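Let me begin by presenting the structure, written as structure tokens, before commenting on it.
Model, not experiment: these values are computed from the prediction.
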Amino acid sequence: MNPVDLSDPANRRLGTLLRLHAARHPERPFLLTETQTISYAAANARANAFAAGLRGIGIGRGDRVALLMDSCIDYVLLALALNKLGALWVPLNTDYRGDWLAQAIEDSRAAALVVDALYLPRLQSLAPAPGHGLLLVSGLDAADAARAGARACLEELVLPDAPEPDDSGIHYGDTVAVLWTSGTTGRSKGVMQHHNAWVRAAEHSNRDFGTTGEDVVYNCMPLYNSAAWVANIFRALVAGIPCALDPQFSVKEFWNRILRFGATQTMTLG
């Protein structure tokens, strides 16, 4: 099921897909959590608002922004906002500490780092502190973020009524993200992903799943893991259907969560 014409290479870009679905079925839910539901239109508007705020602090085409955050709706929309600017997102494993975290931040060569307030102490304990450009904090107000040494709190980046970014120079083969491997054969390494890698995989998976417009996808994998995006979030985005997000997998609650969201499809790691 592909309601967007994916034979047009210009449509095989993640930000473009969000914009097209927002125009075609604006009220359809895109992302759901236990406490929040955001439609395709609202998600596109907030992604544009993030993009304008990021551009305002100097983030542009080719820049990398590292994300040390738990799974949430804004995580997904930040990623899409960066891609609308031609910038890259680099998700960091929230289990990393000490040298592993420091090296991941250093290797990301990030122009900015967005960190949940929960992880600020872990970041501040690193010595010497790795270079990460501007520090942005989620979960604090502006005054507390400033006291923590941050450039801004995340909500300060939201510029309401922001226009759609000019994506005319973005190619579907452009790199959109760098994700660290799980380190099966050694220390984790960063792997580049481009728009079309995600879109093509989602296309094939939706064909194999027999996806229809009535389906709801459920994701409980961490967003620093590529499988969360390729098998769930971006598969929902390509099809224009909802994706429910939980912060983690629960053996006890898994089927209750499926029922809670009315999910018909999911992918987890065996």
Exercise for review: Indicate, with yes or no, if the rings of His25 and Tyr40 have centres closer together than 6.0 Å.
Suggested key: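 Between His25 and Tyr40, the centre distance is under 6.0 Å.
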
Review point. Among all residues two or more places apart in sequence or in another chain, which pass the side chain to side chain donor-acceptor pair (under 3.5 Å) test with Asp174?
Key: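 Partners of Asp174 under the side chain to side chain donor-acceptor pair (under 3.5 Å) test: Arg61.
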
Does one hydrophobic cluster hold both [X] and [Y], with members joined at side-chain heavy-atom distances below 4.5 Å?
| X | Y | result |
| --- | --- | --- |
| Val4 | Ile170 | no |
| Met69 | Ile73 | yes |
| Phe209 | Phe261 | no |
| Met267 | Ile258 | no |
| Tyr75 | Leu54 | yes |

More than 12 heavy atoms of other groups within 6.0 Å of [X] [atom1]:
| X | atom1 | result |
| --- | --- | --- |
| Asp161 | CG | no |
| Asp8 | CG | yes |
| Tyr172 | OH | no |

Closer than 4.0 angstrom, basic N to acidic O: yes or no for [X] and [Y]?
| X | Y | value |
| --- | --- | --- |
| Glu155 | Arg46 | yes |
| Glu156 | Arg151 | no |
| Glu34 | Arg260 | yes |

Is any side-chain heavy atom of [Y] closer than 4.5 Å to one of [X]?
| X | Y | value |
| --- | --- | --- |
| Phe234 | Ser226 | no |
| Leu101 | Leu126 | yes |
| Thr33 | Ile38 | no |
| Leu135 | Val114 | no |
| Val178 | Val191 | no |
| Arg200 | Arg12 | yes |
| Asn48 | Pro165 | yes |
| Trp198 | Val230 | yes |

Non-hydrogen atoms of [X] and [Y] that approach each other most closely:
| X | Y | result |
| --- | --- | --- |
| Pro26 | Ala23 | CD-O, 3.9 Å |
| Ala236 | Cys243 | CB-CB, 3.7 Å |
| Ala111 | Ile59 | CB-CD1, 3.8 Å |
| His194 | Gly173 | CB-O, 3.4 Å |
| Pro222 | Ala228 | O-CB, 3.5 Å |
| Ala150 | Val137 | CB-CG2, 3.5 Å |

Between the main-chain N or O of [Y] and the side-chain N or O of [X], is there a donor-acceptor pair closer than 3.5 Å?
| X | Y | value |
| --- | --- | --- |
| Arg28 | Gly240 | yes |
| Trp180 | Ala104 | no |
| Asp215 | Thr212 | yes |
| His195 | Thr175 | no |
| Arg97 | Asp95 | yes |

Review point. In chain order, what residues pass the side chain to side chain contact (heavy atoms under 4.5 Å, CB included) check against Asp70, with sequence neighbours excluded?
Key: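 Checked Asp70 against side chain to side chain contact (heavy atoms under 4.5 Å, CB included); matches are Thr94, Asp116, Leu118, Tyr119.
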
**Study point:** side chain to side chain contact (heavy atoms under 4.5 Å, CB included) between Val76 and Leu78, worked out
**Key:** CA-CA 6 Å; Val76 177; Leu78 270 173; over 6 Å; no

Got a second to check how far [X]'s [atom1] is from [Y]'s [atom2], nearest 0.5 Å?
| X | Y | atom1 | atom2 | result |
| --- | --- | --- | --- | --- |
| Asn11 | Arg13 | CG | CZ | 7.5 Å |
| Asn93 | Asn225 | CG | CG | 9.0 Å |
| Arg207 | Thr211 | CZ | OG1 | 11.0 Å |
| Leu67 | Leu223 | CG | CG | 9.5 Å |
| Leu14 | Ile233 | CG | CD1 | 11.5 Å |
| Trp229 | Leu237 | CH2 | CG | 10.0 Å |

Is it true that the side chains of [X] and [Y] contain a donor and an acceptor less than 3.5 Å apart?
| X | Y | value |
| --- | --- | --- |
| Trp89 | Asn83 | yes |
| Asn232 | Gln265 | no |
| Tyr218 | Asp246 | yes |
| Asn206 | Arg235 | yes |
| Thr16 | Asp167 | yes |

Review point. Stepwise, does the side chain to side chain contact (heavy atoms under 4.5 Å, CB included) test hold for Leu80 with Phe50?
Key: CA-CA 9 Å; Leu80 290 166; Phe50 273 139; over 6 Å; no

**Study point:** Qualifying residue, where the test is side-chain hydrogen bond (donor to acceptor under 3.5 Å, both in side chains) with Asn44 and the options are His21, Glu164, Arg19
**Key:**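 When His21, Glu164, Arg19 are each tested with Asn44, the side-chain hydrogen bond (donor to acceptor under 3.5 Å, both in side chains) holds only for Glu164.
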
Point to revise | Residue pair Leu88, Val176: steps toward the side chain to side chain contact (heavy atoms under 4.5 Å, CB included) verdict | key: CA-CA 5 Å; Leu88 291 71; Val176 296; 5.8 Å; no

Review point. So Leu32 and Leu245, side chain to side chain contact (heavy atoms under 4.5 Å, CB included) or not? Walk me through it.
Key: CA-CA 6 Å; Leu32 304 83; Leu245 302 173; over 6 Å; no

